[in-house]
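In this chain, numbering begins with 1 at the start of the sequence shown. Note that the structure is a prediction, hence the values are computed from the model and not measured. We use all heavy atoms of the structure for the numbers below, so side chains are in, but hydrogens, waters and symmetry mates are not.
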Amino acid sequence: MAGDPLAERRARDLLRAGQAEMLGMSNYGPGAIFTAGLNVLDRVQRSHRQDRSREKAAAKARAVPGKPSILLTSNELCQGGAERQRVLLANELSRRGYPVTLACLQHFGPLTPELDPSVRLVLTPWWQPLVDLPTKDAVLITGVTNTEAGFAAGWKALNQHGKWLAATHEPAETDKPTYGDKLAKVISRSDGVIALSPRHWDAITRHQHLNRNHFIAPNGVPKQQDRGFAAKKPVRLGMLCRMVEHKNPHLLIEALDELKDLDWTLDLHGDGPDRAKLQAMAPENDRVRWHGASPGPDHAFQTFDVLCVPSRAEAFPLVIVEAMARGLPVVSSAVGSVPDLLDNGRAGVLVETVTAAAWATALRPIIEEPARLTPLAAAGARRAAELYTVDAMTDAYETAIAAVR
C-alpha cells in the first residue's frame, strides 16, 4: 500500500477500530477514550497532520467535481433493514462519484464486508463527531436514534456550512408521539427529514411536528431474478425477521392452528431476544419449523413460497421488498408503509386487523386456492423492479441532497 494514501488510510482506520473494539467501545469506555486520544494526535502531531492533508487531497481528487462529501452514520452494521440500506446507499453514492464516509457509532458488524472499499469506514463514539471529509461542502445523513441525533448536533456545531438530513426508519406510534420531546426538538433543527413513504411521514407526524422540510426515499434492494410463483400444495408459508414479540410469529401459528384441515407448512427464519419466549407461546404443531438465524433472504426463501409478515408494527419491512423482487407473493398486516408497498392490496394481500382470527380468514382462501396469489406475485415483482431498487432509492436521496445544499 506504500504510495497509495487512501489505501493507507483505510488500513489505519481499520487497525484503530480493531484496537478500540478490543479495549471496549461503550460510550465512555477505554476504546472511546482511545479514539479521542488518536483524534487529538491527528490534529497536533506534525506527521499526522501531513498524513491527513495528503489523504484529504487524494480523496478530493478522486471525487467527481461539484459533488459534496457524504457522511453516513449507523450505530452498528448489523443484519437489519436500516443498516443494510446504509451500506447499499453508501456503495451506490460512491459509485456515482461522491466521496463517502460511513461512521459507526458503537460497533462494526456482520454487514461490514459488504461495504465497498471505496467507502471510508470509521469507528467513532457519538460524542466525537470529528471525521475528516475531503470537501467543506458536506451532507450528513443519519438515522433518528439518540446517539445519531447527538452526533449530528455536534457535527453541525463544528461544520457551520454542512447540511444534515435525518432519515427516519422507526415504526410510528399509533396513539402518541413517536419521538420524545428532546429528540423531536433536535430533529426539527435538521435541514430536512427523510421518510420511507407518504404513509410513513403522515404517521410519524400525526402527533408531533418534526420538520417543515421533508422528503420521501423508499428503501431499495439490488435487482433480483423473478423466479415466478408456481401454485402448488402444500402451500409453503414462511417468515424471515428478527425474533421479537411485535413481529408476531406466535399469532401466525395461532391463526394456522385454526386451519388444521388445510394443507400448509410454515418455516420461521430468524433469531432474537424473544425467540424462546415466542416458541413457548405458540401452539405446538409438527408442520411448523423454527430454523434460527438466516444469513440472508435467498437462504430463507428456498424453504417457502409465500412470505407472511404478521407484525403489529412496522415502518418499511425490507423483507417484503426482497420477496417482491424475487416474485414471492406477500401476505402482511396493513401497518406502517406496507399498504404503500403492496399498492393497497393490488400487489399482495393485506390483513387489516392484526388478530389471529383475521389472519386465519385471510389465509384460508389462499391455502385452499393458491393460484389466487399468481397475479399478486407478478404485480409485486413489477412494482419492486420499478420503485424499490438501489438506483431508485439513491435517486431519491440525491434529490434530497441537492435540495438542502
Side-chain angles (χ1 to χ4, degrees), residues 9 12-43 52 69-87 89-90 93 100-112 115 119-133 138-170 178-194 204 210-211 315 404:
R9 182 183 66 180
R12 186 170 65 253
D13 287 339
L14 294 175
L15 175 61
R16 289 180 170 187
Q19 291 167 331
E21 288 271 24
M22 288 196 303
L23 289 167
M25 272 297 294
S26 59
N27 275 340
Y28 303 101
I33 302 301
F34 172 77
T35 61
L38 290 175
N39 271 322
V40 171
L41 279 178
D42 284 344
R43 285 154 179 80
R52 287 174 61 219
S69 296
I70 303 295
L71 175 58
L72 297 159
T73 66
S74 180
N75 285 327
E76 182 179 0
L77 296 182
C78 57
Q79 294 279 12
E83 291 77 15
R84 185 170 295 280
Q85 176 263 359
R86 284 288 183 271
V87 171
L89 180 61
L93 285 172
V100 180
T101 300
L102 197 156
C104 289
L105 307 184
Q106 294 176 346
H107 303 284
F108 287 173
L111 294 181
T112 303
L115 197 66
V119 177
R120 186 183 183 194
L121 178 63
V122 297
L123 181 65
T124 182
W126 70 268
W127 51 273
Q128 293 179 41
L130 299 170
V131 180
D132 285 334
L133 300 174
V139 178
L140 169 66
I141 301 172
T142 74
V144 182
T145 62
N146 288 325
T147 49
E148 289 177 282
F151 179 94
W155 186 85
K156 282 280 285 183
L158 295 170
N159 298 270
Q160 298 295 323
H161 301 292
K163 303 299 182 180
W164 170 33
L165 290 168
T168 69
H169 290 85
E170 290 73 30
T178 300
Y179 302 107
D181 290 342
K182 291 182 179 178
L183 184 53
K185 189 174 182 179
V186 175
I187 297 169
S188 71
R189 295 172 182 162
S190 69
D191 296 285
V193 174
I194 298 177
I204 62 176
L210 290 180
N211 199 293
V404 300

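- When atom types are taken as modelled, the side chain of Glu21 and the backbone of Phe108 share a donor-acceptor pair closer than 3.5 angstrom.
- Atom CH2 of residue Trp155 and atom CD of residue Glu148 lie 14.0 Å apart, to the nearest 0.5 angstrom.
- With hydrogens and angles left out, the side-chain atoms of Thr178 and Glu170 include no donor and acceptor closer than 3.5 Å.
- Considering all non-hydrogen atoms of both residues, Met25 and Ala20 come closest at CG-O, 3.6 Å.
- No side-chain N or O of Asn211 forms a donor-acceptor pair with one of Ser188 less than 3.5 Å apart.
- Closest heavy-atom contact between Thr168 and Val193: CG2-CG1, 3.7 Å.
- For the residue pair Glu83 / Ser74, no side-chain donor-acceptor distance below 3.5 Å is found, with atom types taken as modelled.
- Panel note: side chain Arg86, backbone Thr73; a donor-acceptor pair is recorded below 3.5 Å.
- Relative orientation of the Tyr28 and Trp126 rings is perpendicular, given thresholds of 30° and 60° on the angle between their planes.
- Rounded to the nearest 0.5 angstrom, Leu102 CG and Leu121 CG are separated by 6.0 Å.
- With sequence neighbours excluded, the residues that form a side chain to side chain contact (heavy atoms under 4.5 Å, CB included) with Arg189 are Lys185.
- Distance check, rounded to the nearest 0.5 Å: NE2 of His169 to OG1 of Thr145 gives 11.5 Å.
- Rounding to the nearest 0.5 Å gives a distance of 9.5 Å between CD1 of Ile70 and CG of Leu133.
- In this structure, the separation between CD on Glu76 and OG1 on Thr112 is 8.5 Å, given to the nearest 0.5 Å.
- Minimum heavy-atom separation, Ala152 to Thr142: CB-CG2, 4.3 Å.
- For Ala166 against Val144, the heavy-atom pair with the smallest separation is CB-CG2, 4.0 Å.
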